[in-house]
Each structure stands twice: as structure tokens, then as C-alpha cells.
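Letters A, B, ... are given to chains in the order of the sequence lines, protein chains preceding strands, and every chain is numbered from 1.
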Number of protein chains: 2
Amino acid sequence: MPPERKPFRRIGPDQRRDAMIDAMLSLIAEEGMAAATTRAVAARAGVTPGLIRHYFDSKDALLSAAYERHMSALTAATCGPHQGRSAAQRLARFVAAGLRAPVTSAEAVSLWAGFLAHVQHGGAMQDTHAATYAEFRDHLQALIADALVEAGRAVPEPALRRHAIACNAVIDGLWLEGGMLPDAFAPGELARIGLDSVSAMLDLALTPDMIEEEDTP
Amino acid sequence: MPPERKPFRRIGPDQRRDAMIDAMLSLIAEEGMAAATTRAVAARAGVTPGLIRHYFDSKDALLSAAYERHMSALTAATCGPHQGRSAAQRLARFVAAGLRAPVTSAEAVSLWAGFLAHVQHGGAMQDTHAATYAEFRDHLQALIADALVEAGRAVPEPALRRHAIACNAVIDGLWLEGGMLPDAFAPGELARIGLDSVSAMLDLALTPDMIEEEDTP
DNA sequence: CGGCTAATTGTGCAACTGTATAATTACTGC
DNA sequence: GCAGTAATTATACAGTTGCACAATTAGCCG
């Protein structure tokens, strides 16, 4: 009797890559970075450990790919093309989008936390980190500038930078709290607090009705 | 010839414990959580790996002790007894203290990041986390309440809670940015931004002169 | 000075990790 | 159909890790 070997199907290379990245992400989110071993990832992806090395140069490469995917998903969900009649409305929607699921969620924050330590201590992940951070803050600063100009206020660049730093901080802080203590806030509460805070800091009215869905097609 | 054995001195038990905790903390801050193995910690503490188990039930117990120490150091430095003539001044000093070294520093944030992932996934560290967080926010909320009452403003409890959440978020966010991009901000810049933000959010004047050192003994 | 105790050392081990590599097999083009 | 090739499996290996345990020794108390 021939030794039984696991049967398998060949699927598209991109699909396999994605399956492994998905497995890695869900493992980190659910059981933490320490549990995300090559064997565990392979098992969850329904493959043999050896296959990981066929698609990625090393475990670190897989980790980098996973990090990149997670961060670009977050950025896309927040910075995505928010339509709005006014600049103020676009800003309001940006703030609210970042403080709602799926961006603000226990899984997203858990993942980010798992990666954070690895980002700081060398590796290719630092580039992704810097790029993501810069994109987010630049986007926010542009939205703020537009909204202030729209309101007829000329703000010099240093003050604009400070505004962007501060608004970014509130959003980050609320995002963190919301992800780490999911039950401590009512749905929509964080978005409202974020809106109020940014309003106060910029002295610019951002009202809840700005973020409501539009039913007019 | 008798096999040479490492000579050693007996030092107070508390001192040894502290040495191991120190070793663990500096190791995590400098080289990340992954590098903080029992052997590495023992080596840095100038001790044999076996001794760790004599003082701590497990590596996790040492980790918990280290986490507790780091967080209580942070809390003490921020919530510490800030004297001030007015409630507004005490609030201003609280904010500024949290956004200055050593609280806001690459080491402190690196350490926190290293622990963060472990906190979320079980263990005794969650209690420390919850306690630290609650202490910090309650302290902040009390300071805000005092400052608003002092200004003759009666604020209902739900609004007060939202204020505390928002102020806490700005401080956390700025702290994070400051620790992760230490060179992106001028000295004192974060404290100023924090002060301005809290001022705007509470509609309460917190001026830079409130946080200056007093020379009168 | 001489023992007692606990602090400290040294060694070993079983489990696990990332990775290398050879052996198989499912699919593709002819 | 049939060969060729890339995808996939299986196995093995060297290094590390946390931890257990017995052997030593420093300091204290009489």
C-alpha cells in the first residue's frame, strides 16, 4: 500500500498568496503575533508549511505583505473617495469613516498592535509604515486646508500643520480606545465625539447631518 | 582542578527582582519583545537563567511584573501631584507632563508597543491594563470637572464624560506620534499643541505660562 | 568557628521554530 | 494521450526557547 499523501488542487498563484496572507492576518488578530508561526499559518490556509517558502522568500516577507495589505485596507476605507458637496462635508466624512467599523474595530486594532512592535525594530515594514502614516496625515491636512479656505479663513502653513497634527491625534486616540474597549462606547458615539472635537479645534462647524447617507441617486 | 564556577554575591531579594525587571524592560525597549528571552534577560541582569525561575513563577510572571512597573511609572509621572494655584493650572500641567519626556519618548512608546500585543491576548496583564487606563481617565475627568466648575460652568455628567474621552484621545494620539517620530517635533511643540487642543475642546483658556516652573520656593 | 538555609549556578531536555531540499503530483500545451 | 513544468507535499535539520532539577556556595546565626 502506497503511503497516503494529501491530495491537493492547484489554484491560481495570486489566490494562494492571498489565502496565506488572509491566514496570517486572521491568526494575528485572533491569537496574537506569537501564535502566527509558519506551521499555524499553513494549517489555516489549508496547505503544507513548505509551500509558504515557495511563495515568500521568508516568513518576514509574508509578514510584510500582510502588514501592507492591512494598512492599505485601513487607508482605503478612511481616505477613500468621500463625495461631498462642500469641503467641510468631505472632512466630516473622513473623520467619521475612521471612527466607525470596520476601521475602528477590535480586529483592526489588534492587528495593528501585533505589527507595531515589529515595525519599530527593523525590517522592510518601516517603509510601509512611513508611507501609510504620511499618506493619512497629508490627506487630512489637505481636507482641513480646503475646509478652512471654504470658510474664508486664510491659515498660514505652520498653523495648518499643527491643526493636522492635533486632528490626527484625536482620531488616532479615539480609534485606539474604540478598538481596545469595544463595549465602552455606544455605536456612533466615537464618530460624534471625533466630529465635535475637530469642530472645536478648527473652530469650524462639522455637524452630524453631514455624514448621513444620501438617498438621492 | 575543580571546574571553575561563576562567583556570585547574594544581594537583597527585592534588589534582584528589580534587576531582572530592569533587564527585561531595557531589552524590550531596545531590541523588541522577541529578543527578550529568559537567557537574554538573565545575561543582562548578570545572572544565570535558572535564577529567573527562582524569583518568578514563569516568564509570563516576569513580563507581568515588568508591565506593571512600566505603566505605574508612566502614570506616576503624569498623574503625579501637580501643584497649582488654580484647577485650570493643574489641568494644564497634567496635559503638559504627559507630552514631555520621559513620558513621551521613543523608549516609553516602544515599551508600550511591545506589551500591547501581549495585553490583548490573555494573561494577568489585562487587569493591569484596565486599572491603568481607568486611573488615567478618571484623573483627567476630575481635573476637567474642577477646571470647568472653577470657570463657573455647570457641565452635566454625560458631556463631562465625552470631554474626558476626547481629551484623553488627543493626549494619547500626540503621545504616540511623539514617541514614534521623535524627530518630527520640536521640543515643547507637542505640549503646546496638546494645550491648544484641550483649550479649544473645553472652550477654556489653558495658557503656556501655566506650565512654567515656579522659582519662588 | 561550624552548620543551615536559601540564593545561585550549571546542565539537560522536550518542544517548537524557520528553513532547506528532495520527492511527488496536478495541470498545460501540444 | 503524453510529456514537461511548476505547484505542492513530505521529511529532515540545526538552532532556540522555556523550564525542571540537582549541585554548589555565600551569608547568617549560634
> Take atom CZ in A:Arg137; do more than 12 heavy atoms of anything else shown fall under 6.0 Å from it?
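It does: A:Arg137 CZ has more than 12 such atoms within range.
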
> Tell me the closest heavy-atom pair linking A:Val41 and A:Leu27, and the distance in Å.
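Looking at all heavy atoms of both residues, the closest pair is N-CD1, 3.6 Å.
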
> Hey, does the side chain of B:Arg10 come within less than 4.0 Å of C:dT5's phosphate (OP1/OP2), counting only N and O?
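Checking B:Arg10 against C:dT5: no side-chain N or O falls below 4.0 Å of OP1 or OP2.
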
> Looking at B:Leu181, B:Thr104, B:Leu176, which one forms a side-chain contact (heavy atoms from CB on, under 4.5 Å) with B:Val109?
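Among B:Leu181, B:Thr104, B:Leu176, the one that satisfies the side-chain contact (heavy atoms from CB on, under 4.5 Å) with B:Val109 is B:Leu176.
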
> List in numerical order all residues of residues 51-63 of chain A for which some heavy atom is under 4.0 Å away from an atom belonging to DNA chain C.
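Output list: A:Arg53, A:Ser58, A:Lys59.
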
> When you match A:Lys6 and B:Lys6 each to their closest nucleotide on DNA chain D, which lands nearer the 5' end?
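The residue mapped nearer the 5' terminus is A:Lys6.
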
> Taking only residues two or more places apart in sequence, or in another chain, which ones meet B:Gln126 in a side-chain hydrogen bond (donor to acceptor under 3.5 Å, both in side chains)?
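Checked B:Gln126 against side-chain hydrogen bond (donor to acceptor under 3.5 Å, both in side chains); zero matches.
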
> In whole angstrom, what separates A:Arg9's CZ from D:dT9's P?
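Going from CZ in A:Arg9 over to P in D:dT9 covers 12 Å.
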
> Which residues in residues 24-49 of chain A have at least one heavy atom lying under 4.0 Å from any atom of DNA chain C?
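Those residues whose heavy atoms fall under 4.0 Å from DNA chain C, taken from residues 24-49 of chain A in numerical order, are A:Thr37, A:Thr38, A:Arg39.
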
> Over 60° means perpendicular and under 30° means parallel, so classify the ring planes of B:Trp112 and B:Trp175, tilted if in between.
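Aromatic pair B:Trp175/B:Trp112 classed perpendicular.
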
> Only one of A:Leu140, A:Thr78, A:Thr75 passes side-chain contact (heavy atoms from CB on, under 4.5 Å) with A:Glu135; say which it is.
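Output: one option passes, namely A:Thr75.
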
> More than 12 heavy atoms of other residues, nucleotides or ligands under 6.0 Å from CZ of A:Arg44: yes or no?
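It does: A:Arg44 CZ has more than 12 such atoms within range.
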
> Rounded to the nearest angstrom, tell me the gap between atom CD in A:Gln15 and atom P in D:dA7.
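In whole Å, D:dA7 P and A:Gln15 CD are 14 Å from each other.
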
> Should the pair B:Arg93-B:Glu212 be classified as a salt bridge under the 4.0 Å nitrogen-to-oxygen rule?
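Looking at B:Arg93 and B:Glu212, the cut-off is not met.
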
> Roughly, in whole Å, what's the span from CZ in A:Phe8 to P in D:dA6?
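Atom CZ in A:Phe8 sits about 15 Å away from atom P in D:dA6.
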
